[in-house]
Amino acid sequence: MSSPLDGVVILDLTHVLAGPYASMTLADLGARVIKVERPGTGDDTRAFPPFKDGESAYFATINHGKESIALNLKNIDDRSVFEALLARSDVVLENFRPGVMERLGYGWEDLRVKHPRLIYGAVSGFGHTGPEAARPAYDMVVQARGGVMSITGERDREPVRVGASIGDIAAGMFLAQGVLAALLHRQQTGHGQKIDIAMLDCQLAMLEHAIALTTVSGEPPRPSGARHPSITPFETFHAADGLFVIAAGNDVLFARLCAALQLPIAEDPRFKTNPARCENARLLKRLIEAVTLEEGKQHWIDLLTEAGIPTGPIQNVAEVLQDPQIRARNMVVDVLDPAGRPAYVAAGNPIKMSALADPDTRAPAPSLDGDRAEILAWLNST
């Protein structure tokens with residue numbers, strides 16, 4: 001079975017998470033990813049815990065299936081290898097601060113002249129334009145500055161960072177989308193182009209209802225815990241043995257919820273419409289929990305699921321990894337070691353396509369400079 005990106009070569013200079021997440025996505029879609037690393041140390045995440053047999057599980061689960069070559073782009077011999085790789089590549093990815101690639105002689109304006117079909121993908125904290133383009137950033141910085149932390153957490157408590165590194169991951173996702181669009185554009189026109197992704201931009205792109213609420217009401221939203229600020233009931237609820245979630249996202253679902261819980265309030269003007277329910281969210285939560293506290297959470301999950309109401313448990317990561325639905329979708333895969341044995345557990349590819357193979361294992365993550373001989377042989381094969 002062929003993959004959508006069979007034959008596409010990605011020259012990947014990125015490190016840590018945003019860029020490697022993008023190249024991992026492209027590798028899962030069939031691209032060949034050649035990871036260019038610093039001699040001696042390689043990607044920073046090779047030193048990130050947790051470790052297994054001296055190797056970073058963090059690095060392995062983001063960089064599986066890629067190849068590695070170590071190059072010093074200030075060294076004349078390594079520059080010759082890099083330029084040969086550029087000539088054979090479809091896409092080059094980098095996540096240095098703006099200006100670094102230009103100082104090395106490999107900025108977009110230089111490369112577009114020598115390699116007009118090359119697609120140049122850059123991801124950085126603030127992008128390649130604007131007054132603060134040169135500033136450094138990590139996930140925490142853009143979550144804070146981009147507004148996400150201001151709406152995350154409990155009301156009247158200190159802002160909190162989203163547990164997953166969405167500053168990096170969202171930027172990686174948008175970078176991968178940009179690469180795919182640029183590949184299609186090149187197929188149509190024969191020309192490559194530059195893709196400029198700012199982590200800060202991507203946080204703004206994910207604010208959805210928060211922007212609408214701010215611009216319409218004139219007041220920025222505050223954290224609302226697990227509750228959705230524009231849909232009610234859409235949050236966590238207490239059962240006799242803990243918390244679970246109910247997401248009754250429209251009036252029909254709310255009426256079903258009332259019937260399932262035997263709560264005679266579906267026609268109550270305080271709750272009949274979603275705007276009214278939002279105005280009376282705290283009262284509605286108390287009325288619902290007066291019922292749900294009588295039984296365990298699984299009782300209510302089963303009952304509400306039978307009634308067609310979106311609901312579910314709050315699972316920790318260990319529970320998610322054993323979830324039958326997750327397993328059925330092949331979203332837990334083994335990353336192999338060089339001997340072909342399962343070494344790490346990683347998330348599978350969420351992009352399910354009818355013409356794309358979806359194996360339950362992934363090729364090993366590369367050792368630093370471990371593919372040099374094969375890469376050089378490939379370069380010398382034409």
Side-chain angles (χ1 to χ4, degrees), residues 5 7-16 18-27 29 31-39 42-43 66-130 133-134 136 171-172 174-199 201 369 371-372 375-376 378-382:
L5 299 185
V8 173
V9 178
I10 312 286
L11 189 57
D12 183 14
L13 284 77
T14 66
H15 55 281
V16 188
Y21 193 91
S23 61
M24 177 188 71
T25 301
L26 298 168
L29 294 174
R32 178 184 183 184
V33 176
I34 299 174
K35 188 174 179 68
V36 177
E37 301 189 69
R38 293 187 304 269
D43 192 313
K66 303 175 187 179
E67 302 168 48
S68 171
I69 185 168
L71 297 174
N72 177 358
L73 297 186
K74 296 179 180 180
N75 176 281
I76 188 168
D77 292 331
D78 282 0
R79 286 174 67 90
S80 295
V81 174
F82 183 67
E83 288 167 10
L85 285 168
L86 284 169
R88 297 287 297 274
S89 297
D90 298 284
V91 180
V92 61
L93 302 179
E94 57 98 347
N95 64 343
F96 300 114
R97 288 195 208 179
V100 171
M101 291 290 281
E102 284 75 10
R103 289 192 294 274
L104 291 168
Y106 298 124
W108 165 242
E109 294 301 330
D110 296 306
L111 293 181
R112 68 186 300 188
V113 174
K114 297 178 182 176
H115 308 286
R117 289 178 56 81
L118 185 68
I119 293 163
Y120 184 106
V123 58
S124 59
F126 300 100
H128 283 202
T129 58
F174 282 116
L175 177 57
Q177 290 179 42
V179 167
L180 295 174
L183 286 167
L184 180 59
H185 178 265
R186 189 184 69 177
Q187 185 178 30
Q188 296 167 340
T189 67
H191 299 294
Q193 62 183 294
K194 180 180 178 179
I195 304 157
D196 175 14
I197 302 293
M199 293 167 64
D201 294 353
D369 205 32
D371 301 287
R372 172 177 286 271
I375 292 169
L376 294 179
W378 171 65
L379 290 176
N380 292 326
S381 65
T382 59

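Position 1 is the first residue of the sequence; numbering continues from there.
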Specify the closest pair of heavy atoms between [X] and [Y], including all atoms of both residues, with the distance to one decimal.
X	Y	result
V123	A18	CG2-CB, 4.1 Å
A198	F126	CB-C, 3.4 Å
Q193	H185	NE2-ND1, 3.3 Å
G127	A133	O-CB, 3.3 Å
A22	G172	CB-O, 3.3 Å
G121	L175	CA-CD1, 4.0 Å

Treating D196 as the side-chain partner and H128 as the backbone partner, does any N or O pair qualify as donor plus acceptor under 3.5 Å? yes
Within the distance-only criterion (no hydrogens, no angle test), does the side chain of S89 pair as donor or acceptor with the backbone N or O of V92 below 3.5 angstrom? no
Among V9, L379, I375, find the residue that satisfies the side chain to side chain contact (heavy atoms under 4.5 Å, CB included) test when tested with R88. L379
Looking at [atom1] of [X] and [atom2] of [Y], how far apart are the two atoms once the value is rounded to the nearest 0.5 Å?
X	Y	atom1	atom2	answer
S381	L376	OG	CG	11.0 Å
I119	W108	CD1	CH2	8.5 Å
D12	M24	CG	CE	11.5 Å

Does any non-hydrogen side-chain atom of [Y] lie less than 4.5 Å from one of [X]?
X	Y	answer
L71	L85	yes
L93	L11	no
F174	M199	no
L13	F82	yes
D43	P20	yes
S23	K35	no
Y120	E94	yes
I34	I10	no

With sequence neighbours left out, write down each residue that passes side-chain contact (heavy atoms from CB on, under 4.5 Å) with D369, or none if nothing qualifies. I69, A70, R372
T14 and N95: side-chain donor and acceptor closer than 3.5 Å? no
Assess the residue pair V8 and R32 against the criterion (side-chain contact (heavy atoms from CB on, under 4.5 Å)); give the C-alpha distance rounded to whole Å, side-chain angles, the decisive distance to 0.1 Å, and a yes or no. CA-CA 6 Å; V8 173; R32 178 184 183 184; over 6 Å; no
R186 vs D90, salt bridge (Lys or Arg N to Asp or Glu O under 4.0 Å): CA-CA, chis, key distance, verdict: CA-CA 10 Å; R186 189 184 69 177; D90 298 284; 2.9 Å; yes
Listed partners of E37 passing side chain to side chain donor-acceptor pair (under 3.5 Å), at least two apart: R46, S68
Neighbour count >12 (heavy atoms, 6.0 Å) for atom CD, Q188: yes
Any chance CD1 of I76 has more than 12 other-residue heavy atoms, nucleotides or ligands included, within less than 6.0 Å? no
Between L180 and L5, does a side-chain contact (heavy atoms from CB on, under 4.5 Å) hold up when you go through it step by step? CA-CA 9 Å; L180 295 174; L5 299 185; 4.0 Å; yes
Decide yes or no on side-chain contact (heavy atoms from CB on, under 4.5 Å) for R112 and H191, but give the supporting numbers first. CA-CA 9 Å; R112 68 186 300 188; H191 299 294; over 6 Å; no
Which pairs would a plain distance check flag for residues 98-107, meaning a side-chain donor or acceptor within less than 3.5 Å of a matching protein atom at least two apart in sequence or in another chain?
from: E102; atom 1: OE1; to: G99; atom 2: N; distance (Å): 3.2
from: Y106; atom 1: OH; to: E83; atom 2: OE2; distance (Å): 2.8

Show the numbers, then the answer: is there a side-chain contact (heavy atoms from CB on, under 4.5 Å) between R38 and N72? CA-CA 6 Å; R38 293 187 304 269; N72 177 358; over 6 Å; no
